[in-house]
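Just so it is clear: chains get the letters A, B, ... in the order the sequence lines come, proteins before strands, and each one is counted from 1.
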Amino acid sequence: MSRKLPKSFYLRDVLKVAPALLGKKLVIAGETGIRKYIITETEAYQGAFDLACHASKGKTARTEVMFREGGILYVYLIYGMYWMMNIVTSVENDPQAVLIRGLDKVKGPGRLTRQLELDRSFNGESLVDSSRIWLEEGTEPSKILTSPRIGIDYAGEPWVSKHWRFYLPDEELF
DNA sequence: TCAATGATTTTG
DNA sequence: AAAATCATTGAT
């Protein structure tokens, strides 16, 4: 079973896509062959008004990717050493993205990109057209937990207290 | 608890 | 043009 997610999956609002990504398979074709991971933790960043979202202060060279049509990756460096992997959602000029925070075998957004060998070259990569990374249908999770997002205290209220982090309970993992 | 470490963004 | 700011991690 390996059904690739269609482009329409990504064109919805980020608050719909973020929880929908849980249980889906992230497929990456590296030099060592094809590897698959179950997505277990995501965070939603909802564009223009969300002060925790990089795109809230307007379009810049870095955030330009988020303003494009959904279904592509937004990859960037944080704290000088960790790549963050985000999936852009919604339509053009509606800057939204989902941060992939955890996979079944890897916890932590910085560690998972290192494990995947993700780097700058994946920025702007299409998950619909690419032959080295894409998403597939997975198992429907029976239970989804939510919490405030992590590491965005600088955004202030009301954003710090919004429950836009979605994750699966430990016993749900494979 | 805090140093490492660098691209991006702004004088917090 | 310089300085602060981070969607973090891991070692002390």
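Between the C1' atom of B/dA3 and the OH atom of A/Tyr82 lies a distance of 11 Å, rounded to the nearest Å. A/Asn86 has its CG atom 14 Å from the C1' atom of C/dT8, to the nearest Å. Atom NZ in A/Lys57 sits about 7 Å away from atom P in C/dC6, given to the nearest Å. If you take CZ of A/Arg111 and C1' of B/dA4, they are 17 Å apart, rounded to a whole angstrom. Note: CG (A/Leu112) to P (C/dT9) measures 8 Å, nearest angstrom. A/Trp83 has its CH2 atom 13 Å from the C1' atom of B/dT5, to the nearest Å. With rounding to whole Å, A/Tyr76 atom OH is found 13 Å from B/dT9 atom C1'. Rounding to whole angstrom units, CD of residue A/Glu43 and C1' of C/dT8 are separated by 12 Å.
Separating the CG atom in A/Leu26 from the CD atom in A/Glu136 is a distance of 9.5 Å, to the nearest 0.5 Å.
In the set C/dT8, B/dT9, B/dA7, B/dA7 carries the atom at the smallest distance from any side-chain atom of A/Leu77. Closest contact between the side chain of A/Ile78 and the listed nucleotides B/dG6, B/dT9, C/dC6 involves C/dC6. Out of C/dG10, C/dT8, B/dA7, the shortest distance to the side chain of A/Arg120 is found at B/dA7. Proximity note for A/Pro109 (side chain, C-beta onward) versus B/dA4, C/dT8, B/dG6: the nearest is C/dT8.
Residue A/Arg101 places at least one side-chain N or O under 4.0 Å from the OP1 or OP2 atom of C/dT8. Residue A/Thr60 places at least one side-chain N or O closer than 4.0 Å to OP1 or OP2 of B/dT9. In terms of phosphate contacts, A/Arg62 brings no side-chain nitrogen or oxygen within less than 4.0 Å of OP1 or OP2 of C/dC6. The phosphate of C/dT8 has neither OP1 nor OP2 within less than 4.0 Å of any side-chain N or O from A/Arg114. In terms of phosphate contacts, A/Tyr79 brings a side-chain nitrogen or oxygen within less than 4.0 Å of OP1 or OP2 of C/dT8.
Two different hydrophobic clusters hold A/Ile72 and A/Trp134 under the rule that ILVMFWY side chains link at heavy-atom gaps under 4.5 Å.
Taking the P atom of each, B/dT8 and C/dG10 are spaced 24 Å apart, rounded to whole Å. Rounded to the nearest Å, the gap between the P atom of C/dA2 and that of B/dT5 is 23 Å. C/dC6 and B/dG12 are spaced 14 Å apart, taking the C1' atom of each and rounding to whole Å.
Residue-level contact check: A/Leu99 touches the bases, meaning some heavy atom is under 4.0 Å from a base atom. Residue contacts shown for A/Gly80 include a base, since a base heavy atom lies under 4.0 Å away.
Ion pair A/Lys7/A/Glu69 flagged as a salt bridge, since at least one NZ, NE, NH1 or NH2 atom sits closer than 4.0 Å to an Asp/Glu carboxylate oxygen. Electrostatic pairing of A/Glu43 and A/Arg101 counts as a salt bridge here, judged by a charged N lying under 4.0 Å from a carboxylate O.
Helical stems of DNA chain B (runs of at least 3 Watson-Crick or G-U pairs, donor-acceptor distances under 3.5 Å) are listed by first residue: B:1-4 with C:8-11, B:6-11 with C:1-6.
With hydrogens and angles disregarded, no donor-acceptor distance shorter than 3.5 Å links the side chain of A/Ser130 to the backbone of A/Leu127. With hydrogens and angles ignored, the 3.5 Å screen pairs a side-chain donor or acceptor of A/Gln96 with a backbone N or O of A/Val14.
When every heavy atom of A/Leu15 is checked against every heavy atom of A/Asp13, the shortest pair comes out as N-OD2, 2.9 Å.
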In a table with atom names and distances, give each donor-acceptor pair under 3.5 Å that connects a side chain of residues 73-87 of chain A to protein atoms at least two apart or in another chain.
from    : atom 1 : to      : atom 2 : distance (Å)
A/Tyr74 : OH     : A/His54 : ND1    : 3.2
A/Asn86 : ND2    : A/Tyr74 : O      : 3.0

